[in-house]
Amino acid sequence: DYIIVLDFLPHGKPTDRKTEPVVQGIGEKYFNLLEVVVKEGLTFKPGDRIYVGPGKREEVKYIRGRIKYDQLTSYAKDELERVLEDMVEKNEKNFVEFFNKAEPITTRMHQLELLPGIGKKTMWAIIEERKKKPFESFEDISKRIKGIQHPEKLIVGRIIYELQNPHTKYRLFTA
């Protein structure tokens, strides 16, 4: 029901027919990319939260709809990684739970292997470690699994991959 601002265009995009203030943002829950027209006179900066759910919306005039990664401004693309890092950090518990509960997709592929940089060896190390004791934090994962320095960056990398490749067969984090 909230989006995090990636870019604010006070006069809209150059290709728009009407000049009205537009925000490009990413949904907090399902990481959908959205474009919304905001009310006149308001300004936003990357990282701001805007309510886009049902009922009265204070800042939003209307929602233009979902957009593809390619439709983001270059500034929004640059901000995406930083904004996602903040979002993943704020929801660390949920993402650590992914490492604790990820399952095989097929007999030859595991959900963990969909994270960038995780191969069979690291996947098995994660599975063996979580059998001993569930992971409690990103720091715990880093300490116990050799080769994973920043698990949060793996999550962010996967989310960006899913946004760039909307027709990917397996989705872990985006709707």
Side-chain angles (χ1 to χ4, degrees), residues 1-8 23-34 36 44-53 66-70 72-175:
D1 292 312
Y2 284 89
I3 62 168
I4 306 299
V5 175
L6 296 172
D7 196 3
F8 172 61
V23 162
Q24 289 188 334
I26 185 162
E28 265 186 339
K29 250 190 216 160
Y30 304 111
F31 304 108
N32 295 323
L33 296 172
L34 286 178
V36 299
F44 298 92
K45 62 188 183 315
D48 286 350
R49 268 176 104 216
I50 300 177
Y51 180 71
V52 293
R66 287 174 79 158
I67 57 173
K68 294 182 171 113
Y69 178 84
D70 300 350
L72 288 174
T73 63
S74 54
Y75 186 78
K77 287 177 186 174
D78 290 344
E79 285 297 311
L80 183 61
E81 188 172 347
R82 188 189 60 76
V83 167
L84 282 172
E85 282 173 5
D86 287 349
M87 292 169 78
V88 168
E89 232 168 80
K90 283 180 183 145
N91 291 302
E92 180 176 1
K93 192 174 169 236
N94 293 340
F95 292 108
V96 168
E97 209 50 33
F98 169 78
F99 282 90
N100 287 325
K101 294 191 171 164
E103 298 176 338
I105 299 169
T106 67
T107 52
R108 292 177 179 261
M109 171 141 336
H110 198 281
Q111 285 180 326
L112 290 167
E113 291 178 276
L114 296 177
L115 296 176
I118 292 190
K120 296 267 184 230
K121 191 176 173 185
T122 308
M123 174 203 68
W124 283 113
I126 293 168
I127 291 169
E128 291 307 311
E129 275 299 315
R130 74 184 189 187
K131 281 181 189 173
K132 296 175 192 171
K133 180 183 165 217
F135 297 109
E136 294 173 12
S137 66
F138 288 142
E139 188 182 342
D140 187 26
I141 294 168
S142 301
K143 283 181 182 169
R144 291 168 51 191
I145 306 297
K146 191 178 158 209
I148 297 183
Q149 299 302 313
H150 299 283
E152 65 280 6
K153 289 192 186 293
L154 302 180
I155 303 275
V156 169
R158 180 62 195 187
I159 294 168
I160 291 172
Y161 173 83
E162 290 179 21
L163 292 172
Q164 290 172 333
N165 301 283
H167 302 295
T168 187
K169 189 173 181 180
Y170 302 113
R171 295 182 161 284
L172 297 177
F173 306 112
T174 62

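- For the side chain to side chain donor-acceptor pair (under 3.5 Å) test, no residue two or more places apart in sequence or in another chain qualifies with Lys68.
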Inset, instruction - Would you please test Met109 and Leu114 for side chain to side chain contact (heavy atoms under 4.5 Å, CB included) and show each step? - result: CA-CA 8 Å; Met109 171 141 336; Leu114 296 177; 3.6 Å; yes
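- For Arg82 against Gly47, the heavy-atom pair with the smallest separation is NH2-N, 4.3 Å.
- The CD atom of Gln111 lies 12.0 Å from the CE atom of Met123; values are rounded to the nearest 0.5 Å.
- A distance of 10.0 Å separates OG in Ser137 from CD in Glu152, rounded to the nearest 0.5 Å.
- The side chain to side chain donor-acceptor pair (under 3.5 Å) check on Thr174 picks up Glu162, Arg171, with sequence neighbours excluded.
- With sequence neighbours excluded, the residues that form a side-chain contact (heavy atoms from CB on, under 4.5 Å) with Phe135 are Val96, Phe99, Asn100, Ile126, Glu129, Arg130, Asp140, Ile141, Arg144, Ile145.
- Under the salt bridge (charged side-chain N to carboxylate O under 4.0 Å, His left out) criterion, Lys131 pairs with Glu128, not counting sequence neighbours.
- Each side chain to side chain donor-acceptor pair (under 3.5 Å) pair with one or both residues in residues 89-99, not counting sequence neighbours, appears once here: Glu97-Lys101.
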Side chains of residues 26-33: which donor-acceptor pairs under 3.5 Å do they make with residues two or more places apart or in other chains?
{"from": "Glu28", "atom 1": "OE1", "to": "Arg49", "atom 2": "NH2", "distance (Å)": "3.1"}
{"from": "Glu28", "atom 1": "OE2", "to": "Arg49", "atom 2": "NE", "distance (Å)": "2.8"}
{"from": "Asn32", "atom 1": "OD1", "to": "Arg66", "atom 2": "NH2", "distance (Å)": "2.8"}

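- In terms of heavy atoms, Leu154 sits closest to Pro116 at CD2-O, 3.0 Å.
- No side-chain heavy atom of Leu80 sits under 4.5 Å from any side-chain heavy atom of Ile159.
- Note on residues 117-127: pairs passing side chain to side chain donor-acceptor pair (under 3.5 Å), not counting sequence neighbours, are Glu113-Lys120.
- How far CG of Leu112 is from CD1 of Ile148: 8.0 Å, rounded to the nearest 0.5 Å.
- Every residue meeting the salt bridge (charged side-chain N to carboxylate O under 4.0 Å, His left out) condition with Lys45, not counting sequence neighbours, appears here in chain and number order: Asp48.
- Not a single side chain to side chain donor-acceptor pair (under 3.5 Å) links Tyr51 to another residue, sequence neighbours left out.
- Tyr69 OH to Ile160 CD1: the interatomic distance, rounded to the nearest 0.5 Å, is 6.5 Å.
- A 6.0 Å sphere centred on CD of Gln164 holds more than 12 heavy atoms belonging to other residues, nucleotides or ligands.
- Taking NZ of Lys77 as the reference point, atom CG of Leu6 lies at 12.0 Å (rounded to 0.5 Å).
- By the 4.5 Å heavy-atom criterion applied to side chains, Leu163 and Leu72 are not counted as neighbours.
- Applying the salt bridge (charged side-chain N to carboxylate O under 4.0 Å, His left out) rule to pairs touching residues 102-112 yields nothing, sequence neighbours excluded.
- Not counting sequence neighbours, the partners of Thr73 by the side chain to side chain donor-acceptor pair (under 3.5 Å) test are Asp7.
- For Phe173, the ring pair (Phe, Tyr, Trp, His ring centres under 6.0 Å) partners are Phe95, Phe98, not counting sequence neighbours.
- Side-chain contact between Met87 and Leu84: present, with at least one pair of heavy atoms (C-beta onward) separated by less than 4.5 Å.
- Side-chain contact check for Ser142 versus His150: every heavy-atom pair is 4.5 Å or farther apart.
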